[in-house]
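Comments concern the structure below.
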Amino acid sequence: MCGELRAEDAGQNVVLMGWVNRRRDHGGLIFLDLRDRSGITQVVVDEKVGGAHDKADAARSEYVVAVKGHVRRRGAGLENPNMATGEIEVVADELLLLNEAKGLPFSPAEDAIANEEVRLKYRYLDLRRTEMQKNFALRSRVAMAIRNYLVGEGFLEIETPFMTRSTPEGARDYLVPSRVHAGEFYALPQSPQIFKQILMISGFDRYFQIARCFRDEDLRADRQPEFTQIDLEISFPTQEIIFAVVEGFLTAAFAAAGIALGTPFVRMTYDEAIKNYGIDKPDMRLPAMVSLTDELTPELRTTLKIEQGLPVLGFVIPDVGELSGTARKALLSEVRAGFGDCGLDLLDVARLKTNADFAPLAGVIESKLLGSNPTRDGEAVTNGAPGLVVVVTPKLRTPAMWNFDPQWIWKRVGQLRLQLGAKYADKHKRFEQTGTAADFKFAWVTDFPMYEWDEETKVWNAAHHPFTSPHEDDIKAGRLTSDKGAVRALAYDIVLNGTELGSGSIRIHRQDVQAEIFRSLGMTDAEAKERFGFFLDALEYGTPPHGGIALGLDRIVMILAGASSLREVIAFPKTAKAIDLMVDAPTPPTEQQMRELHLRTVTRS
Ligand code: ASP
């Protein structure tokens, strides 16, 4: 291979095949940098080797070439320490031009490539780039490490259908019209959810699949209409068994990328995540929020015009350093502008310090907050500069937007924490990759709410999916009907550095409970039967307790590759408008296809 030859190979006869990465013509000598997926070797073609030199003369970038020759150490001072093969070159005896390449829209040899649309249109050229070759080699290794781990833990890999019925994961379905059954459609699976549960009913006990899922959603920057999940399900589980399996395969996956993770991961409940981070996917690379509710006594609140009873929250952005008076004022007004008229305000702690009446309060706040400065793997990574202390208070008067709901305050302050974390990233450097396990802050978030209130449609939806088991206590207490907002689910997410990597749950395994949950989601028994009758039936034939999870493989590989978008780790991705620019899909069907599928286009005004 083109990346493999070293100094000790000098004298060997070799055959290399690959693409011309670059060609340099020095008259009597032509240099071809030959590239394959393993790397690059410099080939020297001397005019004394007549036939070969003529061909090298005709070769251009991305021509496909075979060369026969011998390995020679480069002359002293001519080595290239930046190339793995930089100590040698191959002296050509024979050269074959196996194929030509047209003038290129861009060169795979360049690091900085023009615009992404061009890359996606000529994806085959884009994928030749060293960086992309690395990404897909990594993806393959990671997937294999996960497979090996799970098979070693007794899991069976079982495929489930693509052409199926709707699966309720909260997105729109992609539909496939049936030719044989006029007017009927298959749905592509949003996940293998129902099938994996049925596999548990079938006694398979431990299932996994590296499964493609299809969701027709409004695409955000880092979403794809089809994506890959590491999907698994276990019979007779506890949450802890599922967490250990996931920690095990993630450890194997990260090891495949050279990173030794420590387990177990942090665990926290949804309520704790909201209280401490203001969000259900906490980024723990920065210090948590700290409650100052009790420090702001009723008397202090009266003088400082702070609403009684509601949370006062603080946090620190580490290592920001002393801000100048002007910088501090600019920051205060920027944050206040961001709050608008939502009823929150900043407490200017630096100013409190200058006032004898409030200095003690400022002291307490600072000692409470600065004591929370976190460390990376036990070692403080602080540059010694003071952290930025931020304290948010609810102003006196009734803020219409959040109606005295503490949750709203936690979440809004959590947002500000992330915003300022991003703003001062250069200072605190907590988001920089060091290439060690310290870069990866994992957490399990448990006990999610079972239901979500949809303000627009005024209905309760399943926060995870409707097969998720509520807490036994909440069922017993009758909350499914009396107090849906308070029902906790046996649902959990795995979070990494503020992104959700996957979610799962312990499932409902009793038919009566499942039917009740469908009802609680506003489905009539007839509707439930029509959509999920087969599943409700199956539940009645001896269903074991079971639970599982699914994690996004694309995102895991993206993080391990240090890539900025899922498109860097999906070989043939779609654009943000769900278009495949290379094959040009979607396209209108032909008239004949429409006829065969019993379809007609009607243009709606
Ligand atoms: N099917 C779920 C999802 O795609 C995962 C699970 O509950 O196992 O999010």
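These numbers were taken from a predicted model, which means no experiment stands behind them. Just so you know, ligand 1 is whichever comes first in the structure, and atom 1 is the first atom listed for that ligand. Just so you know, these numbers use all the heavy atoms, side chains as well, and skip hydrogens, waters and symmetry mates.
Under a 4.0 Å heavy-atom criterion, Glu233 is not in contact with ligand 1. At least one heavy atom of Arg215 lies less than 4.0 angstrom from ligand 1.
Against a heavy-atom cut-off of under 4.0 Å, Ala550 is close to the following atoms of ligand 1: 5 (C), 8 (O). With ligand atoms numbered from 1 in the order given, ligand 1 contributes 1 (N), 4 (O) to contacts under 4.0 Å with heavy atoms of Ser191. Less than 4.0 angstrom separates some heavy atom of Gly504 from each of these atoms of ligand 1: 6 (C), 7 (O). Using a 4.0 Å cut-off to heavy atoms of Ile549, the atoms of ligand 1 that qualify are 8 (O). Every atom of ligand 1 is numbered from 1 in the order shown, and the set under 4.0 Å from a heavy atom of Gln229 is 3 (C), 4 (O).
In this structure, the protein non-hydrogen atom closest to atom 5 (C) of ligand 1 is Ser503 O, 3.2 Å. Atom 7 (O) of ligand 1 has Arg507 NH1, 2.8 Å as its closest protein atom, hydrogens excluded (heavy atom only). Looking at atom 6 (C) of ligand 1, its nearest protein heavy atom turns out to be Gln193 OE1, 3.3 Å.
At a 4.0 Å heavy-atom cut-off, ligand 1 does not touch Gln190 at all. Residue contacts with ligand 1 for Lys196 involve side-chain atoms from C-beta outward but no N, CA, C or O (heavy atoms, distance under 4.0 Å).
Taking the six-membered ring where tryptophan is involved, the planes of Tyr124 and Tyr122 are perpendicular, since the angle between them exceeds 60° and thus also 30°. Aromatic ring pairs are classed by plane angle as parallel below 30°, tilted from 30° to 60° and perpendicular above 60°; the pair Trp444 and Phe243 is parallel.
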Stepwise side chain to side chain donor-acceptor pair (under 3.5 Å) test for Gln239 and Thr446: CA-CA 9 Å; Gln239 281 195 21; Thr446 61; 5.1 Å; no

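A salt bridge links Glu247 to Arg267: one of the charged nitrogens lies within less than 4.0 Å of a carboxylate oxygen. Salt-bridge check for Arg179 with Glu596: failed, with every basic side-chain N at 4.0 Å or more from each acidic carboxylate O. Between Glu568 and Arg119 there is a salt bridge, with a side-chain nitrogen of the basic residue lying less than 4.0 Å from a carboxylate oxygen of the acidic one. Salt-bridge annotation for Asp126 and Lys121: absent, with no side-chain N of the basic residue lying under 4.0 Å from a carboxylate O of the acidic one.
Checked by distance only, ligand 1 and Glu169 come closer than 3.5 Å through their nitrogen or oxygen atoms.
Checked against the 6.0 Å centroid threshold, Phe532 and Phe467 count as a close aromatic pair. Under the 6.0 Å cut-off for aromatic ring centres, Phe518 and Phe535 do not qualify, their centroids lying 6.0 Å or more apart.
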